[in-house]
Amino acid sequence: ISLKANIGDYQFDNVLLNAAGIRCATTDELDKILDSQAGGCVTKSATPEPRKGNESPRMKATALGCINSMGLPNHGFDYYLKFAEANQNKAGKQVILSIAGLSVDQNLEMLKKIQASSFDGLTELNLSCPNIKGESQIAYDFEAVREILTDTFKFFKKQLGIKLPPYFDMHQFDRIAEVLNGFPITYVNAINSVGNGLIVNPETESAVIKPKGGFGGIGGQYIKPTALANVRALRLRLRPDISIIGTGGIRSGQDVFEHILCGANLVQIGTQFGFEGTKIFDRISRELKEIMDKKGYQSVADFRGKLKTL
Ligand SMILES: O=C(O)c1[nH]c(=O)[nH]c(=O)c1I
C-alpha cells in the first residue's frame, strides 16, 4: 500500500505534511520534520524582515483544538529561502516555502527573490493570515487576489500554491475558483484557520489570548466540516491541473481519508501536529494504511475525489 502522491512534477513519498506555522519556525524544527515519515515540510510563513509577532499569551489549546493570534512571528524571508535552497531535491521529500507579506509589494519582493534564487521547489503564497492588526485576509477580496496574481505571473515562472481562508457561501466558492482558474497556479491549500473566533474562560470570565481582545484563528476538530466543504467545493470548480492540499481538523487516518475522498492530493496537519510532534506522521500513516487495506485500496489515487452524494 502506497501513500505516495505528487503535485505537478513534485513527488511526495507520503501525503502527510505539517501545516505552515506549527513547529516549523527554526531550521532544527524543519530538519525534524524532514527526518520524520512526513512527505516533506512547510516553512513558517515568512515576511521580508524578521518579526517578533503579537504579545503572549497568543495561542491556547482547548479540548477540541486551538485558538491563535501569533501575528506572523518568523526569522525573516532570507532565513527560510536559505533553508529551502539547501534542502530541496531530497528524494521524495519536498520543502514548501511559505510567504505572507503584509502588503502586495512585500509579496512581490519575496517572489522576485525566489524567482532569482536556486530554489526550484514549491512556493506557498499565504493570502489568508487572519491575525495582522488592521489587516483583513486578502483572499476575501477577490479583485485583490486577481491583481496580486496578475502582477506575480508577469515575472514568476516557478511553481506556486495559494493558501486560502475558509469560505462559507456558494457564490464565494464560485468567485475564488473563477479568479484562480485564470492563472497558472500549481495548487491551492484549503483551509487556513477559521479567522477571528473567540474562546472564553468562564471561571476567570476572560478571553484566553491577549491580542485583538482575544480574537484569533480557530483550528482543530472545530473546523473539519468547513475544511472538507472547502476542499470539495474547490475540487468541483478548479481546473483539473490545479492540485489541492487539504488542511483543517486532521488528527487521524480517518480524517486524512475523508480529505482525500473530498479531493485532496496531499494533506497538512497543524493543531494536532502541535500537540503530538513528528511521531504523529507514523501514527496517521499506519491508521490510513489500515483503512485502505480494509477497503482494498492500493494507492490514494484509487479513492481521491470519489466522494459519493446521496
Ligand atoms: O498569526 C499567524 O502567524 C498566523 N496564524 C494563522 O492561524 N494562520 C496564518 O496564516 C498565520 I501568518
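Here the structure is a predicted model, which is why all the values come from computation and not from measurement.
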Practice problem: Take Leu180 and Leu149 through the side chain to side chain contact (heavy atoms under 4.5 Å, CB included) test and state the conclusion after the steps. | Solution: CA-CA 8 Å; Leu180 296 177; Leu149 292 182; 3.7 Å; yes

Practice problem: Taking the side chain as every heavy atom from C-beta outward, state whether Asn54 and Met70 have any atom pair closer than 4.5 Å. | Solution: no

Quiz item: Is there a donor in the side chain of Thr186 and an acceptor in the side chain of Gln159, or the other way round, less than 3.5 Å apart?
Solution: yes

Practice problem: May I have the step-by-step check of side chain to side chain contact (heavy atoms under 4.5 Å, CB included) for Asn107 and Leu102, ending in yes or no? | Solution: CA-CA 8 Å; Asn107 280 316; Leu102 301 179; over 6 Å; no

Quiz item: Hey, does the side chain of Asn18 reach the backbone of Ile269 with a donor-acceptor pair shorter than 3.5 angstrom?
Solution: no

Exercise. Please confirm whether the backbone N or O of Ser118 pairs with a side-chain atom of Glu85, one donor and one acceptor, at under 3.5 Å?
Key: yes

Quiz item: What do the steps show when you test Ile245 against Thr247 for side chain to side chain contact (heavy atoms under 4.5 Å, CB included), and what is the final call?
Solution: CA-CA 6 Å; Ile245 295 183; Thr247 306; 3.9 Å; yes

Quiz item: Is NZ or CZ of Lys112 both nearer than 6.0 Å to the six-membered ring centre of Phe155 and within 45° of the ring axis?
Solution: yes

Practice problem: Would you check if there is a donor-acceptor pair between the side chains of Ser136 and Asp141 at a distance under 3.5 Å? | Solution: no

Quiz item: Checking side chain to side chain contact (heavy atoms under 4.5 Å, CB included) for the pair Leu97/Phe77: CA distance, chi angles, key distance, verdict?
Solution: CA-CA 9 Å; Leu97 179 58; Phe77 173 75; 4.3 Å; yes

Quiz item: Are side-chain N/O atoms of Asn74 and Thr47 paired as donor and acceptor at under 3.5 Å?
Solution: yes

Practice problem: Look at the side chain of Arg51 and the backbone N and O of Gly71, then say whether any donor-acceptor pair between them is shorter than 3.5 Å. | Solution: yes

Quiz item: Of the non-hydrogen atoms in Leu198 and Ala207, which two are nearest, and what is the gap between them?
Solution: CD1-CB, 4.4 Å

Quiz prompt | Exercise: identify the closest heavy-atom pair between Ile209 and Asn68 | solution = CD1-C, 4.2 Å

Exercise. Without swapping roles, check the side chain of Glu276 against the backbone of Gln272 for a donor-acceptor pair under 3.5 Å.
Key: no

Quiz item: Counting only N and O atoms by type, is there a donor-acceptor contact under 3.5 Å from the side chain of Gln172 to the main-chain atoms of Asp169?
Solution: yes

